[in-house]
Amino acid sequence: MRGGWLGLAVLLACAPSRYLEPISRDAQHHRARTSDGWELALVRYRPDPKGLRGGRPVLLCHGISANGRNMDLDPEHSLAQWLAAHGREAWTVSLRGTGDSDRADVAAGRPGGYDLDAFWRLDLPAAIAKVREISGADAVDFVGHSMGGMVGYAYLSQGGQGVNAAVVMGSPVRLDWGGPYDAVLSVAAFAINATWILPAATPPLLVVPMSKVMELTPLEGLMYNPENTSQETWRRMLATGTADVSAGVARQLGRMVRDGRFSSGDGTVDFGRDLAKVTQPVLVIAGKLDRLGVAPSVYAGYRQLGGPKEWLLIGVESGAQADYGHMDLVLGDRAASEVWPQLLSFLDRHPGG
């Protein structure tokens, strides 16, 4: 029996490393320092001059329990590299506590417990400033997936300095849809200590070896549509693109479930209401089969936006071969032909002043 447990332990330890995806040799690594002393990892891809497009640099922001590699997994599943190949300078950012960015360290003056407000108040301004400094651009275009889009919404609703136009993908602004788990999620979020860092990157790694013998795990069924995203791609994302989660972020999202408001951690800033103040052009993209950023919740953000805006629901009716799930928008095998060209076309049509 001891040998069986040892074999299982070796399998769980080694299987994820098999799927680790090295970053492209074309990636240029930079660091941005926030006003409260955290260093963020940024990756830059210079535009291919053959793209003959030009335009402002594009900053890509990942979602919860993820890092910048979600937008740059491999050459076939990298929105960042695709944008660069089509003539746009592209950057990914790993928010605090994720990827190669600084982790919480009380002794170093970086306490845990930060919430989504730290991302839009501190991390996003630092990333935008660094991109503008290196590129010489007067402003950036922004693309956020899932929670990354929510961070972008919050930033835009409070002025959005340095952002010309934005695209949000699978980003809900309502989490209170009366589902069977709403009450459990809202209670659980407030039962945890606000200063904790939740080891959210570990459980997905256990799914990697399990997925070899299971057709589709519950987590996979929630995150993507296998008609769009291969299980092999998903395993590489789990091994390369996951990250731990601050309990402060979980509590803030739990408050959204409980109160039905997209607001700051202390409840004093109503981002949903302030979306009406946004003047930048925004494209809102939803996946028809998205089970996390469900289409009505994503559409709620589109409806509240002020200024120029466009709505795009990705599914069979829009010309896709299959309805899109949550991660399909950035990892789908056909996203480069069914989603990303529409994203880039929107940014090109709003060059700004």
Exercise for the section: Check the pair W38, L122 against side-chain contact (heavy atoms from CB on, under 4.5 Å), reporting the backbone distance first and the verdict last. Expected result: CA-CA 9 Å; W38 293 62; L122 302 165; over 6 Å; no
Practice task
Any chance you could lay out the side chain to side chain donor-acceptor pair (under 3.5 Å) test for D328 and T229, step after step, and finish with the verdict?
Solution key: CA-CA 6 Å; D328 301 344; T229 302; 2.7 Å; yes
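Side-chain atoms of D117 and W120 include a donor-acceptor pair closer than 3.5 Å.
Taking each heavy atom of V43 and A27 in turn, the nearest pair found is CG1-CB, 3.5 Å.
Under a 4.0 Å N-O distance rule, the pair D141/R88 qualifies as a salt bridge. Taking the charged nitrogens against the carboxylate oxygens, D105 and R103 have no contact shorter than 4.0 Å, which rules out a salt bridge. Between D270 and R261, at least one side-chain nitrogen of the basic residue sits less than 4.0 Å from a carboxylate oxygen of the acidic one, meeting the salt-bridge criterion. Salt-bridge check for D138 with R56: passed, with a basic side-chain N closer than 4.0 Å to an acidic carboxylate O.
Just one residue in the list R110, R33, R96 forms a salt bridge (Lys or Arg N to Asp or Glu O under 4.0 Å) with D102, and that residue is R110.
Annotation: E310, atom CD; neighbour count of heavy atoms from other residues, nucleotides and ligands within 6.0 Å is above 12. For D36, the CG atom is densely surrounded, since the number of other residues' heavy atoms within 6.0 Å is greater than 12. No more than 12 heavy atoms of other residues, nucleotides or ligands shown are found within 6.0 angstrom of CD on Q161.
For A276, there are no side-chain contact (heavy atoms from CB on, under 4.5 Å) partners at least two apart in sequence or on another chain.
Within the 3.5 Å criterion, the main-chain N or O of D123 finds no donor-acceptor partner in the side chain of T34. Judged by distance alone, the side chain of N228 and the main-chain N or O of D323 form a donor-acceptor pair under 3.5 Å.
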